[in-house]
Every structure is written in structure tokens, then in C-alpha cells.
Amino acid sequence: METFEAFFNSLASPELVIGICTAIFALYMLRMRQMMQPKVAFGIMGLTALFFVVGAQNHDFATILKKGDNMPIVIMTFSVLFFLWLAFRQATLNDMRLERGLPPNEATESGKKVLVWPDLVFPEFIMTVLLSAAFIAWAVMVEAPLEEPASGSRAPNPAKAPWYFLGLQEMLVYFDPWLAGVVLPGMIVVGLMAIPYIDTNPKGNGYYTFKERPFAIGMFMFGFLIMWVLLVIMGTFLRGPNWNFFGPFEYWDPHKVEALVNVNLSEYFWVSMLDTRMPDNPLVRELPGILLVLGYFIVTPAILAVTVLKKFFHELGFARFSVLVMLLLMMGSLPIKMLLRWFFNLKYLVGIPEWFFNI
Amino acid sequence: MIAETQIWRSIFRHGYPSTPRNRALAALSNIFLHLHPVKARKSGIRLSFTWCMGGITFFLFLLETITGVLLMFYYRPTIEYAYNDIIALREHVPLGIMRELHRWGAHMMVLAVWLHMLRVFLTGSYKPPREFNWNIGVILLLLTLLLSFTGYLLPWDQLAIWAITVGSNMARAHPLIGHEGPGASLLAVGDVALVTPASDIRFGLLAGRFVGAAALLRFYVLHCVALPLAAGLFMAVHFWRVRKDGGISGPM
Ligand code: HEM
């Protein structure tokens with residue numbers, strides 16, 4: 001037990017958690033066929049369950065787990081793992097059929113039409129009954145939480161957003177609120193809405209497949225699993241008072257101090273590199289960062305269009321391609337900022353607090 | 001036998017649904033069932049294909065509506081009463097599990113929408129001709145999150161007020177229209193700033209500078225009236241479009 005706790009506590013830092021999960025994610029995408037073997041997939045689910053069961057012996061972890069409002073996150077963890085398997089298992093089986101020149105499995109049945117009564121109405125009815133029973137049981141067993149009456153002057157520590165927004169709250173570590181709370185969520189919505197119009201690949205419409213659209217699926221799943229679901233899980237179990245990072249089996253000490261030595265790019269540039277004083281004009285001072293950010297959004301698309309994504313540029317045309325790359329760069333800005341923070345203690349690429357303009 | 005009586009015949013205009021004809025009529029002549037087509041692709045209604053996630057989301061929406069109406073009988077959205085009414089719900093109301101049902105249902109609805117979106121994505125069901133319905137879906141996703149978010153405040157406990165404070169603080173930083181957002185200071189007439197803590201977007205959202213009585217009322221109205229109506233409307237369009245776009249997707 002002690003080694004178990006110590007082991008997982010030692011892994012507890014944002015860079016390790018996100019790094020390890022990204023590596024597992026890459027493994028899933030690159031070794032899809034093996035990972036989707038029922039043995040492997042259910043093995044992973046079993047190990048996750050084991051972690052929760054063994055972990056619940058620990059007092060601190062159990063306190064977090066027992067909170068009624070955290071149950072959805074546990075349910076989310078397992079249902080995401082399960083439905084990933086259900087979807088990608090069918091996708092890999094279909095891909096094997098497609099390789100052999102057969103149509104996807106769904107096609108064998110899609111010509112067949114069945115009467116909705118009873119073939120759909122009955123399952124719906126059964127589902128309704130089962131779900132009603134499950135929810136009544138849950139409601140009887142677990143009381144909805146209610147804390148002390150609201151007080152505008154005593155803030156709890158940590159003050160957390162509702163669980164489904166914890167991903168945004170986690171982004172606040174790396175970006176100022178105008179980006180983490182306004183621009184990036186806005187981009188998520190715009191991006192979701194744009195998907196049908198920038199994905200012009202006609203294949204994979206109406207059946208599970210991975211091989212026929214690896215890029216679209218890879219990007220979407222990275223955004224959904226790593227940049228959203230994982231951040232929600234982290235925000236629930238690993239972020240404690242003052243939004244400090246805690247191991248799963250660590251006491252949430254409100255006095256834990258984390259040294260903050262983050263430095264702006266401008267300081268690196270003027271003071272460390274050029275060994276001069278920081279210019280007074282904020283625009284001059286932040287010029288390196290501004291150029292870098294502009295370059296990221298203007299030069300990278302051009303480079304991508306003639307190199308890695310050349311194929312897409314030709315298929316999509318200028319307008320669609322620009323939107324696609326803009327969205328990808330927006331999504332990529334979060335991991336990039338994370339890496340810069342973890343390895344260079346970088347605070348802002350552009351830091352003009354006078355105008356609340358920090359990137 | 002019962003199917004022969006005048007009462008049955010007045011309600012259902014067909015015999016017991018045991019023959020194909022009557023089964024078709026059962027789906028056709030019932031306003032609720034006729035959300036469905038009479039016949040559907042076998043591949044599309046397989047549980048492993050849709051996971052029934054859209055259906056589960058809709059079920060949860062109905063659950064929320066029913067339990068929500070019951071909660072509204074007891075709950076008053078004012079600072080004096082809100083918190084005590086919530087306690088009373090547990091202690092004085094017989095079978096007081098409505099709040100539990102409502103809360104767990106709400107959490108699960110958020111999760112179900114995500115999973116539904118995931119399955120629609122992974123089956124490529126947003127591709128033509130279903131692009132528009134995917135967008136209706138994105139709006140439903142937002143409405144679901146907003147419904148949950150506005151409901152979060154209503155118990156008026158520490159969790160509620162601070163979660164909403166954390167959430168709505170983001171609005172403060174909205175470019176141009178939040179008073180701590182980039183560019184907000186540019187919006188000024190002479191020396192008079194237009195975007196201040198008492199006039200920015202967060203103020204508009206909360207009807208005040210802090211999460212207080214006005215915000216509670218505002219969230220209550222949004223939560224109980226405006227957002228459910230909007231969600232219902234968009235769901236109607238969503239379901240209608242599923243049918244108009246050729247039913248649940250399948251390989252051509
Ligand atoms: C309140 C939320 C929602 C409800 C109640 C709902 C309900 C449904 C239902 C019952 C279906 C029929 C097939 C199925 O069950 O999978 C469906 C299909 C569909 N939904 Fe939703 N949905 C919601 C949100 C969304 C979201 C967030 C998206 C995507 C962003 C979306 C996109 C679609 C699309 C494209 C289809 C057609 C799928 C196909 O033909 O295979 N919906 N929805």
C-alpha cells in the first residue's frame with residue numbers, strides 16, 4: 001500500500017500526468033488493432049478500476065471520491081474507456097474487412113429495413129425502465145450535496161468551477177482568462193461547428209472506421225481525450241487548494257507553497273540574451289513575442305501547406321485549409337504553452353499587463 | 001378484446017400492433033412515436049452503433065423537466081428562502097429524492113451529450129447530408145452546459161456561489177467588453193471609460209458586480225424558462241432533421 005501510494009504520488013506533476021497520458025494516447029492511435037483486443041482494452045479498464053478500489057483505502061483519496069459531485073467523473077472515466085473500445089473495436093474490425101475488399105459490417109445490414117414498432121420502440125422502452133430504476137436507486141443511496149449557506153466573503157479553497165468546465169479552469173494555469181475563458185472556448189465551439197465543412201473526406205460516412213480517416217479522428221480524439229477529459233479528471237482529483245497540484249494520495253495542504261519563478265519572454269530576450277535594460281515602450285519590449293505569435297499564425301500555415309499538409313492543401317483549397325490550420329494552431333497553442341512553461345518556466349510570450357494583453 | 005372497445009378505438013385508430021400493418025400504424029398515428037419513421041435501417045438502430053446516447057440524452061432531458069417542475073413547487077429564488085427551501089426539500093417533502101434525481105440526472109446529461117457527440121463523430125455522421133444537424137447538435141451541447149451551469153447556482157450554498165463566481169469571472173476578461181479584457185480601456189469617451197465593473201459583460205450576466213440576489217433570480221429564470229424552451233425547440237429541429245436527412249446514418 002505504501003509503495004503503491006508513494007509510486008503514484010511521485011508521478012504527480014502536470015507534465016508527467018499529461019505526458020504519460022499523451023504517450024498512452026499515441027499508443028492507442030498507432031497500435032489501434034492490438035489495443036482494441038478485448039483482452040487489452042478490458043485489462044486497462046480493470047487496472048483503472050483496481051487503482052480506484054485500492055486507492056479508496058487511502059483516506060485523502062477516499063474523501064475526494066466520496067463527494068457526490070465527483071461520482072460523475074468516475075463514471076465518465078470508465079464510460080469513456082468503454083465507449084472508446086466499443087467504437088474503435090468496431091472500427092478495426094471494419095478496417096480489416098475493408099482491407100479484404102469487403103464493405104463495412106454496417107453495410108451488410110443497412111439495406112435491411114425493420115419496423116420501428118417493435119424493433120426500436122421496445123428497446124427504447126426497456127432502456128427507459130432500466131435508466132429510471134438506476135437513477136432512483138442512485139438518488140435513494142446518495143444524497144445530493146449541500147454545503148453551508150452562500151457567503152460572498154468567505155471563499156472556499158480551492159474554489160472550483162463545475163466539473164465540466166474544469167478543463168477551462170486548468171487552462172487558466174497557462175493562459176490569462178481572456179484566452180482560457182473566452183477565446184479558446186469560443187474556438188472550441190467554432191471548431192466543432194466547422195468540422196463538417198472542413199472535413200471533405202467522403203469516406204467513413206455512417207460506419208465505424210479508423211484507417212479511412214486517421215487524421216480527422218486523431219485530431220478530434222486528441223482534443224477530446226487529452227485537452228478536455230483528462231483535464232477534467234486532473235482538475236477533480238489532482239488540483240487542490242490554491243489550484244496547486246497534489247498527488248492522488250496526498251493531503252490537500254492549504255499551506256503548500258509552490259515556488260513561482262516564471263519569466264516572460266521579453267525578459268529572457270532583453271535581459272538574458274542581449275544583456276540590456278527592458279525598453280520602456282511596451283510594444284518594443286514585447287516585440288519578440290509579438291513577432292513569434294504572428295509568425296505562428298501566419299508563417300506556420302504557409303509552411304504546413306507546402307510540407308506535411310501538402311495533400312490537404314490541394315484537397316481542401318485555400319479557404320478550408322486556412323480555417324483547418326487556424327483551428328489546429330489554436331488547439332496546439334495549449335500544449336505548446338504547457339511545454340514552454342514546464343521546460344522554460346515561461347510565463348507570457350507577450351506580456352502587456354497594462355492593457356490586460358498577455359499571451 | 002380490449003382493442004375492440006370504443007374507448008380503445010377512439011384513442012388508437014388501429015388494432016393491437018401484432019400485424020405489420022398495425023405496427024406501421026402504431027408508429028404513424030401516434031404523435032410521440034411518429035418522431036420515428038415506420039421503418040428504419042437495421043444497422044442504424046443497433047445498440048452498438050448509436051449506444052442509444054442521443055436517446056439517453058433525451059430521456060435525461062425529460063427526467064430533468066419532470067423533476068424540475070416538482071422542484072419548482074417548493075423552491076423560491078430569493079436569498080432569504082432559497083437555501084432553506086433546499087433543506088426543506090429533503091426534510092419535509094415526502095419522498096424527497098427529487099433534488100437527487102435532478103442533480104444526478106443533470107450530471108449524466110452532460111456526460112451523455114459528450115458521448116453522443118463522440119459516437120456521431122466516430123461514425124462520420126456529420127458528413128453530408130447531416131452537416132446542419134451536427135450544428136444543431138453543437139447548439140444543444142451549449143444549451144445543456146448552460147442549463148447545468150445556471151442550475152448550479154440555485155441551491156445558494158457555498159459550492160454554488162463560488163463555482164458561479166469562478167465561472168463568471170472569466171467574462172470579466174472578455175476582450176473589449178469585459179473590464180479586465182484586452183482593449184476594454186480603449187472604449188472610452190474622453191476620460192470616461194465605457195467598460196467598467198458596473199457596465200461590462202459580466203455585469204450584464206450577473207445583473208450586478210457580484211453573484212447576488214439579482215443573479216440568483218436571473219439564473220433561475222434562465223434555468224427554468226428560457227433555456228429549457230430553447231433546448232426543447234432545438235431538440236424538435238434536431239429530431240426532425242434526423243429523419244429528413246435520411247434517418248440514422250449508415251453506409252451508402
Ligand atoms: C440535448 C442534446 C441532444 C439530444 C437530446 C440529441 C438526440 C439525438 C437523437 C435521439 C439522435 C438519433 C440517433 C442517436 O440516438 O444517436 C441524434 C442524432 C444525431 N445527433 Fe444528436 N442529440 C443531442 C446533441 C447532439 C450533439 C451535441 C451533436 C453533435 C455535436 C449531435 C449531433 C447529431 C447528429 C449529427 C445526429 C445524426 C446521427 C446519425 O444520423 O447517425 N447531437 N441526436
Side-chain angles (χ1 to χ4, degrees), chain A residues 72 75-76 79 83 86-87 90 103-104 106-107 109-110 112-117 119-121 124 127-128 131 135 138-140 143-144 146-152 155-156 159-162 164-165 169 176-178 181-182 189 192-193 195-197 204-208 220 224 355-357, chain B residues 17 20 23 26-27 33 36-43 45 48 51-52 55 59 83 86 97 99-101 103-105 107 110-111 115 121-127 131 134-135 138 145 149 152 155-163 166-167 170 173-175 180-182 185 210 249-251:
Chain A
I75 298 177
M76 176 185 76
S79 48
F83 284 113
L86 186 62
Q90 297 181 69
E106 284 87 345
E109 285 182 337
S110 67
K112 246 184 268 166
K113 289 252 184 168
V114 292
L115 278 170
V116 159
W117 178 297
D119 281 24
L120 178 57
V121 176
E124 280 174 349
M127 189 60 98
T128 310
L131 283 177
F135 273 96
W138 186 1
V140 170
E143 268 191 0
L146 185 67
E147 299 189 355
E148 285 163 36
S151 147
K160 289 193 182 182
Y164 37 84
F165 286 150
Q169 204 174 359
D176 269 18
W178 74 277
V182 184
V189 176
L192 284 175
M193 290 198 148
I195 285 177
Y197 305 101
N205 183 346
Y207 52 94
Y208 289 100
F220 184 85
F224 181 72
W355 307 339
F356 299 115
F357 188 78
Chain B
R23 285 177 169 176
L33 291 182
H36 301 308
V38 171
K39 286 182 161 200
R41 261 189 221 106
K42 188 148 197 265
S43 64
I45 60 174
S48 58
W51 316 342
C52 196
F59 165 82
Y83 185 75
I86 296 283
I97 59 166
R99 186 167 164 248
E100 276 70 17
L101 282 176
R103 193 173 187 104
W104 306 145
H107 285 328
V110 172
L111 178 57
L115 291 173
F121 183 86
L122 289 177
T123 54
S125 304
Y126 58 84
K127 301 193 175 197
E131 309 99 304
W134 166 273
N135 278 298
V138 176
L145 293 176
F149 186 70
Y152 225 86
W156 204 247
D157 62 345
Q158 279 287 71
L159 188 68
I161 185 178
W162 287 102
V166 170
M170 307 251 193
H174 195 295
E180 283 179 7
S185 51
F210 306 100
S249 61

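- One finds the CD1 atom of B/Ile161 at 12.0 Å from the CD atom of A/Glu147 (value rounded to the nearest 0.5 Å).
- Between atom OG of residue B/Ser249 and atom OH of residue A/Tyr207 there is a gap of 11.0 Å, rounded to the nearest 0.5 Å.
- With a threshold of 4.5 angstrom between heavy atoms, A/Lys112 approaches chain B through its backbone and through its side chain.
- Taking all atoms of both residues into account, the shortest heavy-atom contact from A/Tyr208 to B/Ser48 is OH-O, 3.7 Å.
- For the atom pair OG (A/Ser151) and CH2 (B/Trp162), the distance works out to 7.0 Å, reported to the nearest 0.5 Å.
- Summarising the geometry, atom OG1 belonging to A/Thr128 is positioned 6.0 Å from atom CZ belonging to B/Phe59; distances are rounded to the nearest 0.5 Å.
- In terms of heavy atoms, B/Pro37 sits closest to A/Val116 at O-CG2, 3.0 Å.
- Note on A/Ile75, A/Val189, A/Ile195: by heavy-atom pairs under 4.5 Å with chain B, the leading option is A/Ile195.
- With a 4.5 Å cut-off on non-hydrogen atoms, B/Phe210 does not touch chain A at all.
- Heavy atoms of A/Asp119 lying under 4.5 Å from chain B belong to its backbone as well as its side chain.
- Between A/Gly181 and B/Met170, the closest heavy-atom pair is CA-SD, 3.2 Å.
- The candidate with the highest count of non-hydrogen atom pairs below 4.5 Å against chain A, out of B/Gly250, B/Ala26, B/Gly105, is B/Gly250.
- Looking at A/Val121, the atoms closer than 4.5 Å to chain B (heavy atoms on both sides) all sit in the side chain, from C-beta outward.
- Interface residue A/Val182: only side-chain heavy atoms are found under 4.5 Å from chain B.
- Using a 4.5 Å heavy-atom cutoff, the side chains of B/Val166 and A/Lys160 are not in contact.
- Here the shortest heavy-atom pairing between A/Leu146 and B/Pro155 reads CD1-CB, 4.0 Å.
- Here the side chains of B/Ser125 and A/Asn205 are not in contact, with every heavy-atom distance at 4.5 Å or above.
- Only the side chain of A/Pro104 has a heavy atom closer than 4.5 Å to any heavy atom of chain B.
- The most heavy-atom pairs under 4.5 Å with chain A, out of B/Ile97, B/Asn135, B/Val138, come from B/Asn135.
- Aromatic rings from A/Phe165 and B/Phe149 are positioned such that their centres are separated by under 6.0 Å.
- Closest approach of B/Cys52 to A/Met127, counting heavy atoms only: CB-CE, 3.8 Å.
- The candidate with the highest count of non-hydrogen atom pairs below 4.5 Å against chain A, out of B/His174, B/Arg41, B/Lys127, is B/Lys127.
- Both the backbone and the side chain of B/Leu159 come within contact range of chain A, each with at least one heavy atom under 4.5 Å from a heavy atom of that chain.
- Ring centers of B/Trp104 and A/Phe135: at least 6.0 Å apart, outside the cut-off.
- To the nearest 0.5 angstrom, B/Glu100 atom CD is 6.0 Å from A/Glu143 atom CD.
- Interface remark: A/Glu124 contributes side-chain atoms only to the contact with chain B (heavy atom separation under 4.5 Å).
- A/Phe220 contributes atom CZ, which lies 8.5 Å from atom OH of B/Tyr126 (distance to the nearest 0.5 angstrom).
- The closest donor-acceptor contact from the side chain of B/Trp134 to the backbone of A/Leu192 lies under 3.5 Å.
- In this structure, B/Leu111 and A/Pro72 have side chains that are not in contact, with every pair of non-hydrogen atoms separated by 4.5 Å or more.
- Using a 4.5 Å cut-off between heavy atoms, A/Glu106 touches chain B through backbone and side chain atoms alike.
- Only the side chain of A/Leu86 comes within less than 4.5 Å of a heavy atom of chain B; its backbone N, CA, C and O stay farther away.
- Using a 4.5 Å cut-off between heavy atoms, B/Arg23 contacts chain A through both its backbone and its side chain.
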Worked verdict on B/Leu115 versus A/Ser79 for side-chain contact (heavy atoms from CB on, under 4.5 Å): CA-CA 9 Å; B/Leu115 291 173; A/Ser79 48; 4.1 Å; yes
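- Heavy-atom distances place both the backbone and the side chain of A/Met76 under 4.5 Å from chain B.
- For chain A, the option among B/His36, B/Gln158, B/Glu131 with the highest count of heavy-atom pairs below 4.5 Å is B/Gln158.
- Both the backbone and the side chain of B/Trp156 come within contact range of chain A, judged by heavy atoms closer than 4.5 Å.
- Between chain A and the options B/Ala160, B/Gly167, B/Pro175, the largest number of non-hydrogen pairs under 4.5 Å is found for B/Pro175.
- Across all non-hydrogen atoms, the minimal contact from A/Ala87 to B/Leu122 is CB-CD1, 3.6 Å.
- Taking 4.5 Å as the limit, every side-chain heavy atom of B/Asp157 sits out of range of all side-chain heavy atoms of A/Glu148.
- When heavy atoms are compared at a cutoff of 4.5 Å, A/Phe224 approaches chain B solely by way of its side chain, counted from C-beta outward.
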